There are 2 protein chains.
Amino acid sequence: MDTTIAKGLRLLNRIAHADAPVGVTAMAKEMGLEKSNVHRTLTTLMTLGYVQKDGATGRYGPTLKVWELGMKVVTRHPMVRAARPFMQMLHQQTQETIHLTILDGADCIYLDQIRAPVPVRSTPVPGHRVPAIFPASGRVQLAFQPNVEEIINVFRTSHPRGKEIKVAATLKEFATIRQQGVTFTESGWSTGINSIAGAIIGRDGFAAAAIAVCGPAERLTLERMEGLSEEVLNACTQAGDSLRGS
Amino acid sequence: MDTTIAKGLRLLNRIAHADAPVGVTAMAKEMGLEKSNVHRTLTTLMTLGYVQKDGATGRYGPTLKVWELGMKVVTRHPMVRAARPFMQMLHQQTQETIHLTILDGADCIYLDQIRAPVPVRSTPVPGHRVPAIFPASGRVQLAFQPNVEEIINVFRTSHPRGKEIKVAATLKEFATIRQQGVTFTESGWSTGINSIAGAIIGRDGFAAAAIAVCGPAERLTLERMEGLSEEVLNACTQAGDSLRGS
DNA sequence: GAACATAGTTCCAAATAATAGAACAAGTTC
DNA sequence: GAACTTGTTCTATTATTTGGAACTATGTTC
């Protein structure tokens, strides 16, 4: 195990997650390293172009190189490539915000989005993680997952609001979702925001991702969402075909 | 200089830039390292969660963790935060694709975008780099830069099409741009795509970023772009105020 | 404005982790 | 099934990272 790399990436992570540039001493204390060690490592990251030093304060912050690297990964991601055209279609039909999410353990990661001209407040941005049980796009994926109960339990033990989840009722609801192919939530993750989501099925027959239409409750009523079921299902099956075909 | 970190990040870069997972031997050869070295480093990156191994082929590819890290950087970026509301406004007014770009040396990086419901083909995606001299959003920033001539020369020597650039004419054009605050291009970077861009001026009085409206020539005619000058200027000054105010 | 903190930087001997290269295992190809 | 190629493991040697103290710069307090 290459501990030096671990240390370097840990520092880079720390810096990227900070809201403001961080000083050497603060980081050294926080991560249990020597000041000199942190300093040298930061200098390395700086010459490599991943970190920059704020001239005035002498503190360190991330550069866009980190982000550029990340964007390379996501634009090449097969799911993003497969889903994008069909997300675009849905957006054209609905004029609402469209999300693409994938499951990572018990979390749901927002992979890509097309924002509505008049967007919803506090919309999740690409890169965000939320517990998969809350939003429609997470639930629809869980419904098409082999080890659902296990994931539900992860969630029940790890999340503060986990105990509210009723296992039996949830499993029953998931069965319904599997039949319909889509699911709705009213104020699922953010209050006042409604959402309808469908699952993109991968080669293995399980959910590989989800596409969701998302908007304020006033505009995206339950009625309207029901009307959109077919469009969402369509987008998902086509994205799935495109994914499996490639 | 912490060479181990450099090696690790070089490998991560290599993997992230690849279109398909890469094998140990190929990388070792390409980067002048021993196979065993590459293997151990990859194993490290894997336990850290930045790299994953394709079960079938045994080759290595990047994980979304790299991307998540990058997204943290850009969503916290002061320019993105400052510009987004005004980009949204412009999008609402025009229904076209809106770009936010910043300058990095002689390059122009696409930082953020809002896609039109009916998008242009081959639109640059966030994370892309293009030579700043071609697109409107690059030119408008160059016009408000202290060391323009230097950058033009970098470009003339480094880019295959660099010799086409006439220095005197370009400088004169930049003077005009400085007066008008915006600039248009017809087929500037991609043929058939027109664009109008304005500069966001930073604390130092130079361009810190640019906002551009971008669309197919049929839809975004020169006439229409001229009509949009004021809106674009407005968005830029407001974004600038918001940036400097924070 | 002098003394005191606090943060960032430099240096070097000691400790430790990374390296090269060979050997082995597991597939592929012919 | 023999000859390649590719991925993986192992270990003595090598070279790099480490810790700690000393130094500098900056700014804070009285």
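Here the structure is a predicted model, which means the values were calculated and not measured. Every chain is numbered from 1, with letters handed out A, B, ... down the list of sequences.
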Does a nitrogen or oxygen in the side chain of T3(A) sit under 4.0 Å from OP1 or OP2 of dA18(C)?
-> yes

Segment of DNA chain D, first to last nucleotide, that comes within the 4.0 Å heavy-atom reach of chain A = dT17(D) to dG20(D)

Between CG of N37(B) and CE of M31(B), what distance do you get to the nearest 0.5 Å?
-> 11.0 Å

Give a yes/no verdict on a cation-pi contact between R161(A) and F134(A), requiring under 6.0 Å between NZ or CZ and the six-membered ring centre and an angle within 45° of the axis.
-> yes

Does the separation of the ring centres of Y60(A) and H39(A) fall below 6.0 angstrom?
-> no

What does T4(B) touch in the nucleic acid at a heavy-atom separation under 4.0 angstrom: a base, only the sugar-phosphate, or nothing?
-> sugar-phosphate

Between I5(A) and V22(A), which is nearer to the 5' end of DNA chain C once each is assigned its nearest nucleotide?
-> V22(A)

Report yes if the distance between the aromatic ring centroids of Y110(B) and H128(B) is under 6.0 Å, otherwise no.
-> no

Indicate yes or no for a side-chain donor-acceptor contact from R178(A) to the backbone of A143(A) under 3.5 Å, with no hydrogens or angles considered.
-> yes

Hey, which of these two, N37(A) or G58(B), hits DNA chain D nearer its 5' end, going by closest nucleotide?
-> G58(B)

Please report how far the helix from dG1(C)-dC30(D) to dC30(C)-dG1(D) bends, comparing the axis fitted to its first five pairs with the axis fitted to its last five, to the nearest 10 degrees.
-> 40°

Start with the C-alpha distance between T25(A) and K35(A), add both sets of side-chain angles, then the distance that settles side chain to side chain donor-acceptor pair (under 3.5 Å), and finish with yes or no.
-> CA-CA 6 Å; T25(A) 314; K35(A) 264 200 306 184; 4.8 Å; no

Can you check whether Y60(A) has a side-chain N or O nearer than 4.0 Å to OP1 or OP2 of dA7(C)?
-> no

Could you work out which one of dT19(C), dA7(C), dT9(C) sits closest to the side chain of T25(A)?
-> dA7(C)

Check the distance between dT6(C)'s P and K35(A)'s NZ and give it to me in whole angstrom.
-> 11 Å

Hey, do the aromatic rings of F86(A) and H91(A) have their centres closer than 6.0 Å?
-> no

Electrostatic pair R59(B):D54(B) at N-O distance under 4.0 angstrom = no

Would you indicate what T43(A) reaches in the nucleic acid, counting non-hydrogen atoms under 4.0 angstrom: base, sugar-phosphate, or nothing?
-> nothing

Of R40(B) and K29(B), the one whose closest nucleotide on DNA chain D sits nearer the 5' end is K29(B)

May I have the distance from L11(B) (atom CG) to dA18(C) (atom P), rounded to whole angstrom?
-> 14 Å

CG-NE2 distance between L64(B) and H77(A), expressed to the nearest 0.5 angstrom = 4.5 Å

